[in-house]
Amino acid sequence: MTQILPSHTEMNSIKIENYTAVFGESFTLNNINWTLEPNQHWVITGANGSGKSALSAILAGAGERISGSISGLPKHIEIISFEAQAELIERELKKDDADIMDVISEGTPVREILEEGKAIYPEFDSALLDQLVAMFKLEPMLDRSFRKLSTGETRKIMLIRALANNPDLIILDEPFDGLDAASMQLLQDLLKSKIDAMAMVLVLNRFDEIPDFITHIAYTDQGKLQHSVDINNKQAYDDLYQLLHLKTTELSVPATDLSDRPPALNPNDPLVRLTNIKVAYGDATIIDGLDWTIEPGQHWQLSGPNGSGKTCLLNLITGDHPQCYTNNIFVFGMQRGNGETIWQIKQYIGYVSTALQWEYRVSISLRNVILSGFHDSIGVYTKSTDKQKAVADQWLALLGMKDRANEPYNQLSFGDQRLLLIARAMVKHPTLLILDEPCLGLDDINRQLVLALIEKICTSGDTTVLYVNHHAEDQISGISQFKQLEKLDAQSS
Amino acid sequence: MSNNYFNTLPLREQLAQLAKCRFMSMDEFSDGVEALKGKKIVVIGCGAQGLNQGLNLRDSGLDVSYTLRAAAIAEKRQSWKNATENGFVVGTYQELIPTADVVLNLTPDKQHTPVVNEIMPLMKKGACLSYSHGFNIVEEGMKIREDLTVIMVAPKCPGSEVRAEYVRGFGVPTLIAVHEDNDPKGEGLALAKAYAVGTGGHKAGVLMSSFIAEVKSDLMGEQTILCGMLQTGSLLCFDKMVEEGIDPGYASKLIQYGWETITEALKYGGVTNMLDRLSNPAKIKAFDLAEELKEIMRPLYNKHQDDIIDGTFSRVMMEDWANDDKNLLGWRAETAETAFEKTPAGDVEISEQEFFDNGILMVAMVKAGVELAFETMTAAGIIAESAYYESLHETPLIANTIARKKLYEMNATISDTAEYGCYLYNHACLPLLADFMKGIKTDVIGKGLDTTDTGVDNARLIEVNAALRSHPVEAIGAVLRGHMADMKKIV
């Protein structure tokens, strides 16, 4: 006969399905689907205001449910958050108010607060409480009024209380905030010692605070659970790290090397003027009679089905399409076909596309990939200035790749390569930044990252963005002009 | 019949021309494309070289159009499509040649004589005629009108690569030359340099050579080490492995992709690096085999060089041209029937290192071929720089073609002169190595050495390493690869 060892609790999977809830008037958690299996310990992370605290709090019943369901919640859940802390303090204040006797209330002593659970929870662990009090050296304050503690001390008391209550699930929202290094280490060790006794969900802002017992990371953005990552998935973890880095850093596009700028353009000229464009291969006409003008500062989105000639059109602008010489094309002050070189045109353009990524098959360092953007080349064949190198390093830092500057580019993940190529396109602050489906082939995490970068770029100044995509969800705020191409009936002769 | 130009020169001049080759410095190209700016460039032929060079020149701001035979235009042949779909003006010789300041003759060697005879009377007085190969001038003795400037600009890579490297912002190594008998205005060098800049070649390194040095070294390299040795080696190694019971699919794959893998090591670090990829016992084995091969094959290399220098090779080949390529096409068909060609590469995994470990004989063949070709060329008066480019430097390019297309297509892809010479070499070399091959077992081709003991004699290893590193092709290779690495950080 097999003996089943008694476990502390019968933890089931917690299933949150299609759950939407509102918090106050302005915040909504949207359509959350999230499953927490027994023995998993989660960190929820995301930028400020992304909904990470709200997500943790719905486990404890917070928010007003609009739709969806939560099932499998364990009986005893403890949550420690700023909100919970505020609530407790509020309660203590009310106690004070409620005391109508004309005496100065000392409020509830810390000891009482700590032992509140004893009468409520059969699983309350007195021994653990004593141990924790000793560990955090709290004996001297046991008899003091809880109300009079500092924020940090209050926080510690609440943590200890929650742990001593010995719940099935403990939710800790920024538990390490305001703790000194020693206390933080203490707490981490403590939590680690309890991982078999209770499920844990931690809300953390900083990746480097993630304790080593965590098994999964949830990432929230704009009220949605965007990513759930198994911590053993190194690649996904690294991507998430970069994404969080990007979202939580005050993003600014690094300055460029002003000593190497192309000749200034007449501000009254359009950047691009295409007139009655026609492109055909043999009898197949791809584009027929297209006109398009891009004025400086006008961000455009170009869409159209496969085969409608989007890439072809871009290549006419960049000079990479040979039929640019047989069309009426005015770019950056030059009417094509009058002795200009493609390098004169490319100096005004930053360009990213999947085709470029395919063509960018060189084993050079990450730094050199970014530097190649100054020279419009694939690979580096020209000496870069110190200033250019410094700018490249700023971009690497921005991408969270600072420590990887000398790693070989061709060994990077697809998404990291794409990020670098976007930095390469931006590094010289091009007059026109052409992004041809920059998110194509990227996983969710990297897509978020790329979109975040492009938004920053759109609002950053002198660069006009031309963005090609056909995914409705990849809209970029800041783009107000739309050009739609239609597929021609191919065989018109 | 034509007169061999080289043979009309006095020995002193022959030697002087053969010895011409200088690696040019980047600042010699500071004028960019200026010498060609505003000039009308008309390209004859729109194959891979013609089209891709034209695309580069146009993207460098130059005025490029294409002239084709009237029939090619009327029938909308591939060359016509290439040019028109890329937005170039296309016209007949009569329409475009009289307007041209510079005519680029990028047709196959075989067509040079009729093409040049047809266009020469149409050319403007004082215009420039450019070749990418000196065969027509040197071997066929084509006389160009005295008022015309004659230059050569020869990118040392296939046309597709000429374009791909340009688009990256780089270029391919390029050889330029001025035909001194035809430089009436003394502008030949300026035009050739501007042309090299227009194709991006200056960024990857330009060799200033002569028509003669180009032809005599190019012919030698292509028919011996580049195509001939790899063809003969493929056939011998394959048959040996199958005879020894190795799975034919494995044998086919080891050879088809093996040349590319081992010559990749050659490209990066010369013969030394290629052999350094082997274990010590295997290295000594490869060295010994190569020594043996060199001894057996040296007379063959000498004969090829002699026939090239005195014009015998081109005379015999041109006789076949006159005979509708009977030999060439017959030999090409024979190649298609070889066991190696007919056995597809097996679906087996071969690691990069395994190509070395199990291909010791192939490494030995490449070493022997490169060194022999280099030694023979330099002994004939060709300067080391030329000899290096025409032997070691280009071997990986042909190996790459074999990896993609095996022998039949490799032969169909390379120039007619290379293909013809390749068959001559192969026919002579196969019987020459028959005895040698009898002693070959799978330890040097197919299975690798029994590696239970990798011990070697110190003195012997030192001797072998010293011999490898002190070969003259390694000395010049280090210098030229150094130039390349300075410029081409991506290598």
Side-chain angles (χ1 to χ4, degrees), chain A residues 277-286 312 315-316 318-329 334 336-347 351 355-356 358-365 367-369 371-384 408-410 424, chain B residues 26 32-34 36-41 46 51-52 54-66 76 78 80-90 160 163-172 194 197-205 264 268 484-491:
Chain A
I277 296 297
K278 178 167 181 174
V279 174
Y281 303 106
D283 292 335
T285 302
I286 308 297
C312 172
N315 286 341
L316 288 175
T318 60
D320 289 322
H321 196 294
Q323 293 185 27
C324 63
Y325 290 96
T326 50
N327 276 290
N328 183 350
I329 297 173
M334 292 170 273
R336 289 308 315 268
N338 285 298
E340 73 293 341
T341 75
I342 50 165
W343 309 111
Q344 280 175 288
I345 291 159
K346 285 176 189 283
Q347 63 185 338
Y351 184 56
L356 173 73
W358 288 332
E359 284 154 22
Y360 212 107
R361 287 177 293 112
V362 288
S363 62
I364 60 173
S365 68
R367 183 187 285 115
N368 276 341
V369 169
L371 283 172
S372 70
F374 283 112
H375 314 296
D376 310 311
S377 55
I378 292 178
V380 178
Y381 315 101
T382 313
K383 278 213 164 66
S384 300
Y409 163 82
N410 56 0
R424 170 187 177 271
Chain B
M26 190 71 173
V33 295
E34 206 47 47
L36 286 171
K37 201 88 192 159
K39 296 212 160 131
K40 193 160 177 52
I41 299 171
C46 197
L51 174 63
N52 289 304
L55 287 168
N56 290 1
L57 293 168
R58 182 174 64 176
D59 279 344
S60 294
L62 299 175
D63 176 359
V64 179
S65 49
Y66 284 81
K76 300 192 173 183
Q78 190 57 44
W80 179 85
K81 281 187 194 149
N82 288 347
T84 47
E85 282 183 6
N86 282 290
F88 287 105
V89 170
V90 181
S160 52
R163 179 62 180 163
E165 289 293 331
Y166 179 87
V167 170
R168 287 178 157 197
F170 198 51
V172 304
V197 172
T199 55
H202 67 305
K203 293 182 180 170
E264 180 80 359
Y268 277 80
M484 284 289 292
D486 282 349
M487 289 188 272
K488 187 175 186 180
K489 299 243 171 59
I490 62 163
V491 173

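Below, chain A is the first sequence line, B the second, and so on; all start at residue 1.
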Contact leader toward chain B among A:Tyr360, A:Tyr281, A:Trp343, where contacts are heavy-atom pairs under 4.5 Å: A:Trp343
Over all atoms of both residues, closest heavy-atom pair of A:Pro322 and B:Leu55: CB-CD2, 4.2 Å
Straight-line distance of B:Arg168 CZ to A:Ser372 OG, nearest 0.5 Å: 11.0 Å
Taking every non-hydrogen atom, the tightest pair across B:Gly169 and A:Ser377: CA-CB, 4.1 Å
B:Asp63, part contacting chain A, at a heavy-atom distance under 4.5 Å: neither
Considering all heavy atoms, the nearest A:Ile342-B:Tyr166 contact: CD1-CE2, 3.7 Å
Contacting moiety of B:Lys76, where chain A heavy atoms sit under 4.5 Å: neither
From CD (A:Glu340) to OG (B:Ser60), nearest 0.5 Å: 11.0 Å
Approximate separation, where rounding is to 0.5 Å, of B:Asp59 CG and A:Ile345 CD1: 8.0 Å
Top contributor to chain A interface from B:Asn86, B:Val33, B:Val167 [non-hydrogen pairs under 4.5 Å]: B:Asn86
Test log, rule side-chain contact (heavy atoms from CB on, under 4.5 Å), inputs B:Val89 and A:Tyr325: CA-CA 10 Å; B:Val89 170; A:Tyr325 290 96; over 6 Å; no
